[in-house]
Number of protein chains: 4
Amino acid sequence: MGIIERKEREKERRKDEIVEAARRVFFEKGLVTATMDEIAEAAELSKATLYLHFPSKEDLYLAVAMGGLRALHGKFQEIIEHEPSIVRALHRMKEAYMEFFRTQRQYVQMFSFLQMSQFHKQVSDHMRSTCDSENDKHWEAIIGLLRRGVEQKIIRDDIDPTEMAIVLWTNASSLMLRADNEHDMWKRRRNIDLRKTMETSFRMTIDAILTPAARLEYQALLHAEHAAVHQS
Amino acid sequence: MGIIERKEREKERRKDEIVEAARRVFFEKGLVTATMDEIAEAAELSKATLYLHFPSKEDLYLAVAMGGLRALHGKFQEIIEHEPSIVRALHRMKEAYMEFFRTQRQYVQMFSFLQMSQFHKQVSDHMRSTCDSENDKHWEAIIGLLRRGVEQKIIRDDIDPTEMAIVLWTNASSLMLRADNEHDMWKRRRNIDLRKTMETSFRMTIDAILTPAARLEYQALLHAEHAAVHQS
Amino acid sequence: MGIIERKEREKERRKDEIVEAARRVFFEKGLVTATMDEIAEAAELSKATLYLHFPSKEDLYLAVAMGGLRALHGKFQEIIEHEPSIVRALHRMKEAYMEFFRTQRQYVQMFSFLQMSQFHKQVSDHMRSTCDSENDKHWEAIIGLLRRGVEQKIIRDDIDPTEMAIVLWTNASSLMLRADNEHDMWKRRRNIDLRKTMETSFRMTIDAILTPAARLEYQALLHAEHAAVHQS
Amino acid sequence: MGIIERKEREKERRKDEIVEAARRVFFEKGLVTATMDEIAEAAELSKATLYLHFPSKEDLYLAVAMGGLRALHGKFQEIIEHEPSIVRALHRMKEAYMEFFRTQRQYVQMFSFLQMSQFHKQVSDHMRSTCDSENDKHWEAIIGLLRRGVEQKIIRDDIDPTEMAIVLWTNASSLMLRADNEHDMWKRRRNIDLRKTMETSFRMTIDAILTPAARLEYQALLHAEHAAVHQS
DNA sequence: CATGAATGAGGTTTCATTCAT
DNA sequence: TATGAATGAAACCTCATTCAT
C-alpha cells in the first residue's frame with residue numbers, strides 16, 4: 001500500500017522536475033521558439049519521457065503556467081482568508097501581484113497565452129479541465145471577496161461583483177503584460193515608467209469599485225504606506 | 001516615369017491582394033495554425049510569391065493586423081478631429097470600438113499578438129518601424145485628446161495623460177480580447193454577458209478619468225442615449 | 001532437487017503461456033504490426049517480463065512459429081512411421097498439410113518468415129540452433145521416406161531424394177502462402193480457387209517424383225477417395 | 001507545352017534517382033533494417049524530399065521491387081513475343097529467370113515481400129493498383145503462352161492454364177527465395193547446391209505441364225544444350 | 001516576377017529494449 | 001522474478017523558408 005503511494009509521489013516528483021525544466025526553457029524562449037529537445041535536455045531526460053508524462057508541448061506549457069497561476073492564487077487566497085479588512089485585502093493583493101511581477105514576470109506572458117482560444121484547442125481535455133477548475137477557484141475567491149465588500153458597504157453595489165472581478169483582474173493583468181513587453185519602449189520614447197502606470201491603473205480601478213467612504217479609507221492607507229516608505 | 005509609378009501601384013495592389021487573402025486565412029485559423037500554403041492558395045499564388053512580398057509569415061500577419069489597426073485608428077482620428085466635445089468624443093470612440101468588435105472581432109486577437117515581444121522579434125525591421133510609427137500616431141491622437149480634456153477641465157489633472165491613455169486603451173482592449181475568447185464560457189458558467197461587461201468596464205474607466213463635472217455630463221449623455229434607444 | 005525441477009517446470013509453463021499469448025497476437029497482427037505491449041497485455045504480464053523469457057520479439061515469434069512447425073512435423077512423423085505404403089504416406093501428408101492450412105493457416109505466413117535470412121540475423125543463437133535442429137529432423141524424415149520410396153521403386157531414382165524433398169516441401173509451402181495471401185484476389189479477378197490450385201500443385205509434384213508404376217497406384221488412390229467423397 | 005513535359009520528365013528522373021538510391025540501401029539492409037535517413041543520404045536528398053515523392057517507406061520499397069519486376073517481366077515479354085516455339089520459350093524464360101537470379105538475386109527477397117498481405121496494407125492505394133496492373137500484365141502473358149501451348153498440343157489440356165501459370169511461377173520463385181536464403185546452409189550440411197536444385201525443380205514442373213510429345217522435344221533441347229556447353 | 005521543388009527543423013508517435021527497484 | 005519507468009531510434013508529418021529556373 002505504502003509502495004503504491006511512494007510510486008505515486010515519485011511520479012509526481014518526476015512530473016514536477018519536468019515542469020521545472022520546461023519552465024526554465026519557456027521563460028527563456030517562449031512557447032513557439034522552445035523545442036521539446038531543449039526541454040528534454042534541460043530536464044536531463046529523453047524526449048520520449050516528456051511525452052510519457054505530457055501529451056504535447058502545449059500541455060506542458062499549460063502545466064508550467066498553472067504552476068505560476070497556483071503560486072499567485074495561493075498568495076491571493078491567503079490574503080483573502082486572513083485579512084479581515086476588504087480594503088486592505090485589495091491593497092495587499094495588488095502588492096502581491098506587483099511582487100509576483102517583479103520576481104516572476106515571465107509568467108505574465110504565459111497567462112496571456114492561456115486565454116487564447118487558439119491555444120486551448122491544442123491542449124488535452126484533462127489539462128484543460130484541470131486548468132478550468134483552478135481558474136474557477138480563483139474567480140470564486142475574488143468574487144467572494146467583492147461580495148463581502150458589497151455587504152460591508154465597502155464595494156459599490158450597482159455593479160455585479162462578478163463583472164467587477166473580471167474588470168479588476170483583466171485590467172491588472174493586461175497592464176502587466178504591456179509592462180513586460182513594452183517597458184523599455186515607453187521609457188525610451190515617452191519617458192513613461194510602466195511600473196508606475198501599473199500602480200496608477202490599480203488605483204484607478206480600485207477607486208472605481210469602492211464606495212465613497214471606503215475610498216477615503218483606501219487613500220488613507222496609501223498615504224500611510226507612502227509615509228512609511230519615505231521614512232525608511 | 002509613369003511606367004515606374006504604374007508598376008509601383010500594381011505592386012501595391014498585389015500586396016493588398018495577398019494581405020486580403022491572408023486576412024481571411026488568419027481570421028479563420030489564427031497565426032500558428034494558419035499555413036503559408038493555405039494563404040498561397042487563398043491568394044491564388046504560389047508560396048514562393050508570398051515571400052517576394054513579405055519576408056516572413058509574421059510580417060504578413062503584422063501587415064494584416066495593421067490593416068485592422070489603421071481602420072480602427074481612422075475612425076478614432078475622425079472622431080477626435082471632428083467632435084468638439086471631449087466627453088462626446090470619448091463616448092463615440094467607445095461606440096466605434098464596440099462596433100469594430102461586433103463586425104471584425106478577429107482583429108482583436110491579432111492586436112493582442114502585436115504587443116508580444118516574442119512576436120516582435122520575428123518581424124522585419126522595416127515592418128516593425130512601420131508598425132511603430134502607426135502606433136505612435138494613434139497614441140499621439142489619444143494623448144492629445146486627453147491633454148485637451150485636461151485643459152478644458154474635463155479630464156482630471158492629477159494623472160499624466162499619457163498614462164491615462166495607456167490605461168484607457170489597455171483596459172478596453174484586454175476586455176475585448178477576453179470577450180472574444182471567453183464569451184461563451186462566462187455565459188454558460190456564470191450567466192455573464194461579457195459584451196455588457198465591456199460596457200461596464202468602459203464606463204468605469206471613463207468615470208475614473210473624468211473630473212466630477214464632466215462625469216455628470218457623461219452620465220447625462222448615457223442617460224439621453226439610453227432613453228433614445230428605448231424609444232425606438 | 002525436486003524443488004529445482006518444479007521451478008524448471010513452472011518456468012516452462014510460464015514460457016508456454018507467453019508463447020500462447022504471443023501466438024494470438026501474431027496471428028492477428030503479424031510480426032511487424034504486433035507490439036510487445038499487446039503481447040504483454042495478452043499474456044497479462046509486463047513487457048519487461050517477456051524479456052526475461054525471450055531475448056527479442058523475433059525470438060518470441062520464432063518460438064510461436066516453432067510450435068506450429070512441431071505440430072505439423074509431429075503429424076508428418078506419425079504418418080511416416082505408421083503408414084507402410086509410401087504412396088499412401090505422401091497422400092496422407094498432403095491431407096495433413098491441407099488440414100493444417102484449413103485450421104491454422106496463419107502459421108504458414110510465419111513459416112515463410114523463418115527462412116528469410118534478414119529475419120534470422122535478429123534471432124538469438126540458441127533459438128536459431130533449436131530451430132535448425134527441429135528443421136533437420138523434419139528434413140531427415142521426409143528424405144528418409146523418399147529414400148525408402150526409391151528403394152521400393154516407388155520414387156524415381158534419377159533425382160537426388162534430398163533435392164526432391166526440397167522441391168516437394170518448397171512447392172507445397174509456397175502455394176499455401178500464396179493461397180493465404182491472394183485467395184480472394186484470384187477468386188475475384190480470374191475466378192480461381194487457390195485451394196483447388198493447391199491440390200493441383202500437389203498432384204503435379206507428386207506425379208513428377210513417382211515412378212510410372214507408383215503413379216498408377218497414386219491415381220487409383222485418388223480415384224477411390226474421390227468416389228468415397230461423392231458417395232457420402 | 002514543352003516546358004510542362006520537360007518538368008514531367010525531370011520529376012520522373014528524380015523519382016528514378018530516389019528509387020535507385022533506395023534500391024542500393026534496401027539491397028544491403030532489407031526493408032526493416034533500412035532507414036529513410038540512410039536512403040535520403042544515399043540519394044543525396046533530404047528525408048522530407050523522399051516523402052514528397054513517396055508517401056511511406058513501404059511505398060518506396062514497392063517502387064524498387066516494381067523496378068525489378070518490370071525488368072524481369074520485360075525479358076519474359078520479349079521471349080514470349082519473339083520465340084515461336086512454346087517449348088523453347090519456356091526454356092528461355094527459365095534461363096532468363098536464372099540469369100536474373102545470378103545477377104540481381106536481392107530482388108527475389110523483395111518479390112516475396114510483395115505478396116505478403118501484411119505488407120500490402122501499409123502501401124498507398126495508388127502504388128498498390130500500379131503494382132496490381134503490372135502483375136496482371138505479367139500473369140496475362142504467361143497464361144497466354146500456356147493457352148497457346150494447349151492449342152498447339154504442347155501443354156497438357158487437363159489443367160487450367162491459369163492454375164498452371166500460378167504453379168509454374170510460384171514453384172520457381174519459391175525455390176529461388178530458398179536458394180537466396182539457404183544456399184550456404186544446404187551446401188554445408190548436406191552438400192546440396194540449391195542452384196542445381198532450382199534447375200531440377202524447373203525441369204520437374206515443366207515436365208509436368210508438357211504433353212508427352214512436347215516432353216520429348218524439351219528433353220532434346222536440354223540434351224542439345226548440354227552437349228553445347230560441354231563442347232565449349 | 002513567379003513558381004515548383006527542395007529542405008532543415010522539429011513536433012509527434014511508436015516501439016523494442018533496458019534499468020532500477 | 002516481476003515491473004513501472006525510461007530511453008534511443010526512427011517513422012511520420014508539417015512547415016516556413018529558400019533555390020533554381
Side-chain angles (χ1 to χ4, degrees), chain A residues 3-4 6-8 10-11 14-15 18 32-40 43-60 122, chain B residues 7 10-11 14 31-40 43-60 122, chain C residues 7 10-11 14 32-40 43-60 122, chain D residues 3-4 6-8 10-11 14-15 18 32-40 43-58 60 122:
Chain A
I3 289 171
I4 291 169
R6 184 173 52 79
K7 292 256 168 175
E8 202 61 36
E10 270 173 18
K11 186 162 179 172
R14 176 45 56 95
K15 274 189 104 162
I18 292 173
V32 179
T33 321
T35 74
M36 287 301 261
D37 276 308
E38 286 169 327
I39 296 169
E44 297 179 318
L45 289 170
S46 77
K47 204 173 22 158
T49 305
L50 300 188
Y51 280 100
L52 212 60
H53 293 277
F54 296 92
S56 72
K57 186 164 80 154
E58 280 71 24
D59 258 65
L60 184 47
Q122 298 180 286
Chain B
K7 291 252 172 179
E10 273 173 16
K11 183 163 178 176
R14 173 51 52 98
L31 171 61
V32 178
T33 319
T35 72
M36 289 300 264
D37 273 307
E38 287 168 324
I39 296 169
E44 297 179 322
L45 287 169
S46 80
K47 230 190 328 182
T49 305
L50 301 186
Y51 282 94
L52 289 180
H53 296 277
F54 296 92
S56 76
K57 184 163 94 152
E58 281 71 26
D59 260 66
L60 184 46
Q122 298 180 283
Chain C
K7 291 251 172 179
E10 271 173 17
K11 183 165 178 173
R14 172 52 51 98
V32 179
T33 319
T35 72
M36 289 300 264
D37 273 306
E38 287 168 324
I39 296 169
E44 297 179 322
L45 288 169
S46 81
K47 230 189 329 181
T49 305
L50 301 186
Y51 282 93
L52 287 181
H53 296 277
F54 297 92
S56 74
K57 183 163 91 152
E58 280 71 25
D59 260 66
L60 184 46
Q122 298 180 279
Chain D
I3 290 171
I4 291 169
R6 185 171 53 78
K7 292 256 168 173
E8 202 60 36
E10 271 174 16
K11 185 161 181 174
R14 175 48 55 98
K15 274 189 104 160
I18 292 173
V32 179
T33 321
T35 73
M36 289 299 261
D37 275 307
E38 286 169 327
I39 296 169
E44 297 180 318
L45 288 170
S46 77
K47 209 180 6 168
T49 306
L50 300 188
Y51 280 100
L52 213 60
H53 293 277
F54 297 92
S56 72
K57 185 163 80 154
E58 280 72 24
L60 184 47
Q122 299 180 285

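Each chain gets a letter, A, B and so on, in the order the sequences are listed, and its residues count up from 1.
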How long is the line joining CG of B:Leu60 and C1' of F:dC15, in whole Å?
15 Å

d(CZ, D:Phe54; C1', F:dC13) in whole Å
18 Å

Would you call D:Lys15 and D:Ile18 a side-chain contact if the rule is heavy atoms closer than 4.5 Å?
no

Please walk me through it: do D:Leu45 and D:Arg14 pass side chain to side chain contact (heavy atoms under 4.5 Å, CB included)?
CA-CA 10 Å; D:Leu45 288 170; D:Arg14 175 48 55 98; 3.2 Å; yes

C:Leu52 CG to E:dT21 P, in whole Å, measures 17 Å

For B:Lys11 and E:dA2, what is the distance between atoms NZ and C1' respectively, to the nearest whole Å?
13 Å

So, is C:His53 near the phosphate of F:dT1, with a side-chain N or O under 4.0 Å from OP1 or OP2?
no

Toward the 5' end of DNA chain F, by each residue's nearest nucleotide, A:Leu45 or B:Gln122:
A:Leu45

How long is the line joining CG of A:Leu50 and P of E:dG11, in whole Å?
10 Å

Taking all non-hydrogen atoms of both residues into account, name the closest pair between D:Glu38 and D:Thr33 and its distance.
OE1-O, 4.0 Å

Output row for DNA chain E, stems defined as at least 3 consecutive Watson-Crick or G-U pairs under 3.5 Å, is E:2-21 with F:2-21

To the nearest Å, how far apart are D:Asp37 CG and F:dA9 P?
12 Å

Within the structure, does a side-chain N or O atom of A:Arg14 lie under 4.0 Å from either OP1 or OP2 of F:dG4?
no

Starting at atom NZ of D:Lys15, determine the distance to atom P of E:dG4, rounded to an integer number of angstrom.
18 Å

Contact class for C:Glu38 (heavy atom, under 4.0 Å): base, sugar-phosphate, or nothing?
nothing

What heavy-atom pair brings C:Ser46 and C:Ala40 nearest, and what distance separates the two atoms?
C-CB, 3.9 Å

Which nucleotide wins on minimum distance to the side chain of D:Ala48, given the candidates F:dA9, E:dA16, E:dA9?
E:dA9

State whether the side chain of C:Lys57 and the backbone N or O of C:Ala34 hold a donor-acceptor pair below 3.5 Å, judged by distance alone.
yes

Within less than 4.0 Å of OP1 or OP2 of E:dT7, is there a side-chain N or O belonging to D:Thr49?
yes

Can you find a side chain N or O atom of D:Tyr51 that sits less than 4.0 Å from OP1 or OP2 on F:dC12?
yes

Evaluate whether atom CD of C:Glu10 has more than 12 neighbouring non-hydrogen atoms of other residues, nucleotides or ligands under 6.0 angstrom away.
yes

Please name the pair of heavy atoms, one in B:Asp37 and one in B:Lys47, separated by the smallest distance, quoted to 0.1 Å.
OD1-CE, 3.2 Å

Grab the two heavy atoms, one from D:Gln122 and one from D:Ser56, that are nearest each other, plus how far apart they are.
O-OG, 3.8 Å

To the nearest Å, give me how far apart CD (C:Glu44) and P (F:dG4) are.
13 Å

Using only heavy-atom distances, decide whether a donor-acceptor pair under 3.5 angstrom links the side-chain of B:Lys47 to the base of F:dT17.
yes

Could you tell me whether A:Ala40 contacts a base, only the sugar-phosphate backbone, or nothing, with contacts defined as non-hydrogen atoms closer than 4.0 Å?
nothing

For C:Ala34, which contact category applies under a 4.0 Å heavy-atom criterion: base, sugar-phosphate, or nothing?
sugar-phosphate

